[in-house]
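Have a look at the structure below before the remarks.
Each ligand, and each atom within it, is numbered from 1 in the order the structure gives. The analysis underlying the following values was restricted to heavy atoms, covering all of them including side chains, and did not include hydrogens, waters or symmetry mates.
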Amino acid sequence: PVAEPARADPAVTNWTSLTRGGGEVRIQGVSKSFGPLKVLDDVSLTVPPGSVTVILGQSGSGKSTLLRSINHLERVDDGFVAIDGELIGYRQDGDTLYELKEKDILKRRVDVGMVFQNFNLFPHLTALENVIEAPIVVRGASREEAAARARELLARVGLSEKADVYPRQLSGGQQQRVAIARALALRPKVLLFDEPTSALDPELVGEVLDVIKELARSGTTLIIVTHEIGFAREVADRVVFMEQGRILETGAPEAVFNAPEHPRTREFLAKVL
Ligand code: ADP
Ligand code: MG
């Protein structure tokens, strides 16, 4: 029997074996425009392996675009992102970067798992099928091998009993936990969360945050966009505040929350706290 993650014994839930360690994320001079709108403006940030970074900022400040740039879901106009020193969407030849072909990007992207606000599960696939899809398609795993690991992952997020049900039969919190299991299926070095609890009814937020807290303790590199300040205080090693495509302030949670340096950070926190 597997304990619910909220009450799991850390010795039982050994997440470390589920990911691959490493996971330094280096964002260097990244800029991105949509037409005339500059959405990311020379963003640089280095996230140490195994650390937890929470990104804050009001709607439209570029948080999602920054996350999407990390795994090359968004092609940046300038700068680059490297995971453990390796570019995801490009190969370097001398001073020139060449974009990789889609199938090579998919292979590189296994380093980075992503969890979205609206879960984005495949509605026509069961929970288990959602989790085994990528290992089979991207890694060429056998169905048996992928299913064994998927059952293990579903157990870790407290959903052993739900392997064979469809997303519509699950609560939002359960769907998001399936999405987390799916994001772990390729053994990523880094997990990105884009407002993972914003679409949930308040009473379902805790069960998802508990799973993320477990992951945070496991040494997986996490980058999390969220407005859950209490959660950020508890798990973040570093908080990053964005506005208009720029990083205005970064620091330890105590520093940023108790004594924000930038007036805009103070204004933002006054609204969300
Ligand atoms: P956040 O996640 O902080 O709310 P986003 O990164 O989603 O911010 O968006 C930043 C800005 O970029 C917003 O003004 C948004 O409307 C715009 N934007 C995002 N994606 C696109 C797109 N694909 N095309 C045009 N504008 C976009
Ligand atoms: Mg967003």
Side-chain angles (χ1 to χ4, degrees), residues 25-45 47 52-81 83 88-90 99 102 105 109 112-121 172-173 175-176 179-180 182-183 190-202 204-205 208-209 212 221-232 235-236 238-251 253 256-257 260 262-273:
V25 180
R26 184 164 160 225
I27 300 168
Q28 185 66 49
V30 164
S31 293
K32 169 80 185 174
S33 297
F34 292 110
L37 182 68
K38 194 151 203 180
V39 172
L40 295 177
D41 187 0
D42 194 18
V43 173
S44 295
L45 179 71
V47 172
V52 179
T53 299
V54 165
I55 301 178
L56 304 170
Q58 60 185 37
S59 179
S61 56
K63 307 180 299 296
S64 295
T65 307
L66 182 63
L67 280 194
R68 291 165 55 79
S69 300
I70 292 172
N71 63 359
H72 204 68
L73 282 173
E74 215 64 80
R75 180 188 293 126
V76 300
D77 302 329
D78 208 356
F80 66 85
V81 179
I83 311 290
I88 289 209
Y90 302 94
E99 190 168 31
E102 189 59 30
I105 294 174
R109 219 178 251 154
V112 185
M114 185 146 181
V115 174
F116 301 89
Q117 179 174 347
N118 292 312
F119 330 132
N120 291 13
L121 295 176
Q175 288 187 57
Q176 193 60 302
I180 292 170
R182 183 178 62 175
V190 179
L191 274 180
L192 310 176
F193 290 87
D194 195 354
E195 301 200 31
T197 60
S198 296
L200 298 175
D201 292 334
L204 302 178
V205 168
V208 171
L209 293 183
I212 302 174
T221 308
L222 307 182
I223 304 179
I224 308 166
V225 174
T226 183
H227 300 301
E228 297 284 342
I229 303 297
F231 167 80
V235 305
R238 188 153 56 148
V239 172
V240 172
F241 178 70
M242 287 186 71
E243 184 170 271
Q244 295 189 339
R246 291 169 182 256
I247 293 178
L248 283 196
E249 180 160 356
T250 84
V256 173
F257 293 134
H262 203 285
R264 297 293 301 149
T265 317
R266 282 200 287 275
E267 277 172 47
F268 174 81
L269 290 173
K271 273 185 248 162
V272 297
L273 280 174

For I27 and V43, the nearest pair of non-hydrogen atoms, with its separation, is CG2-O, 3.5 Å

Exercise. Side chains of H72 and E99: do they bring a donor and an acceptor to under 3.5 Å?
Worked result: yes

Rounding to 0.5 Å, atoms CG (L66) and NZ (K63) come to a distance of 10.5 Å

When rounded to the nearest 0.5 Å, the distance separating CZ of R26 from CZ of F80 is 4.0 Å

Output for pair (I212 CD1, T226 OG1), nearest 0.5 Å, gives 7.5 Å

Check each N or O atom of ligand 1 against all protein N or O atoms and list the pairs under 3.5 Å, with atom names and distances to 0.1 Å, one per line.
from	atom 1	to	atom 2	distance (Å)
ligand 1	2 (O)	S64	N	2.9
ligand 1	2 (O)	S64	OG	2.8
ligand 1	3 (O)	S61	N	3.2
ligand 1	3 (O)	S61	OG	3.4
ligand 1	3 (O)	G62	N	3.0
ligand 1	3 (O)	K63	N	2.9
ligand 1	3 (O)	K63	NZ	2.8
ligand 1	4 (O)	G60	N	2.7
ligand 1	6 (O)	T65	N	2.9
ligand 1	6 (O)	T65	OG1	2.5
ligand 1	8 (O)	G62	N	3.2

Check your understanding: Is the distance between the ring centroids of F268 and F241 less than 6.0 Å?
Key -> yes

### Query
Do you see a donor-acceptor pair shorter than 3.5 Å between the side chains of D194 and S64?
yes

Margin query: Between T265 and E249, is there a side-chain donor-acceptor contact under 3.5 Å, judged purely by atom types and distance?
Written below: yes

Within less than 2.8 Å of the Mg ion (ligand 2), the count of protein N, O or S atoms comes to 1

key: Side-chain (Q28) to main-chain (L45) donor-acceptor, under 3.5 angstrom   = no

